[in-house]
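Values reported hereafter were calculated over all heavy atoms of this structure, with side chains retained and with hydrogens, waters and symmetry mates removed. Bear in mind that the values here come from a model prediction, so they are computed numbers and not experimental data. Counting starts at 1 for both ligands and their atoms, in listed order.
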Amino acid sequence: MSTMQAVQIPKHGDSSVLAYVSVPKPSPKPDQVLIKVAYAGVNFIDTYQRSGLYPQVLPFILGREGSGEIVELGSDVKDLKVGDRVAFLGPSSYAEYDAVSTASVAKLPDAVNLEMGAALLLQGLTAWSLVRQAYNVQKGDWILVHAAAGGVGLLLCQMCKVLGANVIGTTSTDAKAQLAKENGADHVVDYSKGYDSLVEKVNELTGGKGVHVVYDGVGAATFDASLKVVRRLGTVVSFGNASGSVPPVDIMRLAEKNIRLMRTTLFKYITTREEFDSLSAELLQLVAENKLDFAIHKVYPIQDVKQAHDDLERRKTTGKLLLKL
Ligand code: NDP
């Protein structure tokens, strides 16, 4: 049996459980393609799957997205070919090879290199689904983006500007605030010392009304503040747990302002090939029109995966982290 190198976890835990090991090389099923992975994208979900917040069947190969070249086709695959350069959402991209359903593979335009390709899909589709489907951002809306200098955050800021909205971002350092501004945030509040100044600033900017929507990927730490700064009839979209899961919510709190509360995941917006193709075509169109900049924080050699997870979890990063296979 042929083998390959991959990052696998034998048990859930902190970054010390990450192991670069030899495992069987996968074969594509009829509706899959085998991809020689060039770069794997690092996402917060990888840390949840590693820690056990999102439990996995063990041992487990991490990685939900990547880029590379197709090296083998499943027997039913017609519209892709060996040699195609692709970006993909896959089950195990921290590996030399990944077998991926064609329902989550996008061919890369010539202008997009493999490094950028690996940075595009998971955070890009997440951000685009948030501004189009979770809450359909309108020109002139007031938007609050938490962790505005993060991977998803920077893209949300850019997309909300493209859509003509007013963007307020939160970050924990001056350098992150500067980056968020360069990516479209009109105002940035440092939330690292508490949330009173955030509530004050949102009230001041919106004439006491609050924002139309809060995009909250920080979770436990920011949830209360998100409910405070949203306006009457506004929307809070919770989509992540960077600071921990949001505790159970008393539904009556929503009645204070008739708040619409959502908890979304990208994967439930792209359950079919058609849904994936339609959302990714819109994203790639924005890329082709040079309307999005995917800021790459750092490309780590795959052997340095522990460092990448530590940097992400310790809030040391901005934008996208990649692993080079
Ligand atoms: P980021 O690059 O945004 O990193 C997380 C950021 O969250 C940090 O840089 C930090 O920014 C902020 N943060 C605030 N509190 C904490 C804390 N206690 N520990 C760590 N970070 C903290 O990551 P991603 O762009 O990969 O993901 C952002 C969020 O989006 C995550 O919660 C992720 O799970 C979620 N997500 C959800 C998806 C979905 O389908 N629902 C898909 C993709 C991502 P600062 O220092 O400025 O506070």
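Ring geometry for F239 against Y215 counts as perpendicular: the plane angle is over 60°, on a 0 to 90° scale with 30° as the lower cut.
Open room surrounds CG on D196; 12 or fewer heavy atoms of other groups in view lie less than 6.0 Å from it. The 12-atom threshold is not exceeded at NZ of K209, counting heavy atoms of other residues, nucleotides or ligands nearer than 6.0 Å. Counting heavy atoms of neighbouring residues, nucleotides and ligands inside a 6.0 Å radius, atom CZ of R260 does not exceed 12 of them.
Salt-bridge annotation for K29 and D76: absent, with no side-chain N of the basic residue lying under 4.0 Å from a carboxylate O of the acidic one. A salt bridge between K107 and D79 is absent, with no side-chain N of the basic residue lying under 4.0 Å from a carboxylate O of the acidic one. A salt bridge links R50 to E313: one of the charged nitrogens lies within less than 4.0 Å of a carboxylate oxygen.
Atoms of ligand 1 lying under 4.0 Å from any heavy atom of K176, numbered from 1 in the order shown and given with element: 9 (O), 11 (O), 45 (P), 46 (O), 47 (O). Heavy-atom contacts of T171 reach the following atoms of ligand 1: 47 (O) (cutoff under 4.0 Å). Below 4.0 Å from some heavy atom of G150 lie the following atoms of ligand 1, by number and element: 1 (P), 2 (O), 3 (O). Applying the 4.0 Å criterion to heavy atoms of T265 picks out, from ligand 1, the atoms 39 (C), 40 (O), 41 (N).
Y48 places a side-chain N or O within donor-acceptor distance of the main-chain N or O of N241, the cut-off being under 3.5 Å.
The protein atom (non-hydrogen) at minimum distance from atom 40 (O) of ligand 1 is L266 N, 2.6 Å. For atom 42 (C) of ligand 1, the nearest non-hydrogen atom of the protein is T126 OG1, 3.1 Å. Annotation: atom 26 (O) of ligand 1 to nearest protein heavy atom, Q123 NE2, 3.1 Å. The protein heavy atom nearest to atom 19 (N) of ligand 1 is A242 O, 3.2 Å. Looking only at heavy atoms of the protein, atom 2 (O) of ligand 1 is closest to G151 N, 2.9 Å. For atom 23 (O) of ligand 1, the closest non-hydrogen atom of the protein is F44 CD1, 3.4 Å.
Of the N or O atoms in N43, none lie within a sub-3.5 Å distance of an N or O in ligand 1. Checking only distances, V152 does come within under 3.5 Å of ligand 1, N or O to N or O.
For atom 30 (O) of ligand 1, the choice among Y191, F239, Y54, Y215 with the nearest heavy atom turns out to be F239. Of the listed residues (H297, R263, K320, R315), the one carrying the non-hydrogen atom nearest atom 14 (C) of ligand 1 is R315.
Checking H309 against T47 by side-chain atom types alone, no donor-acceptor pair falls below 3.5 Å.
Contacts between T264 and ligand 1, counted as non-hydrogen atom pairs separated by less than 4.0 Å, involve the backbone only. Contact annotation: for E313 versus ligand 1, heavy atoms closer than 4.0 Å belong to the backbone alone. With a 4.0 Å cut-off on non-hydrogen atoms, N241 touches ligand 1 through its backbone and not its side chain.
Between L284 and P109, some side-chain heavy-atom pair lies under the 4.5 Å cut-off.
Residue contacts with ligand 1 include Y48, since one of its heavy atoms falls under 4.0 Å from the ligand.
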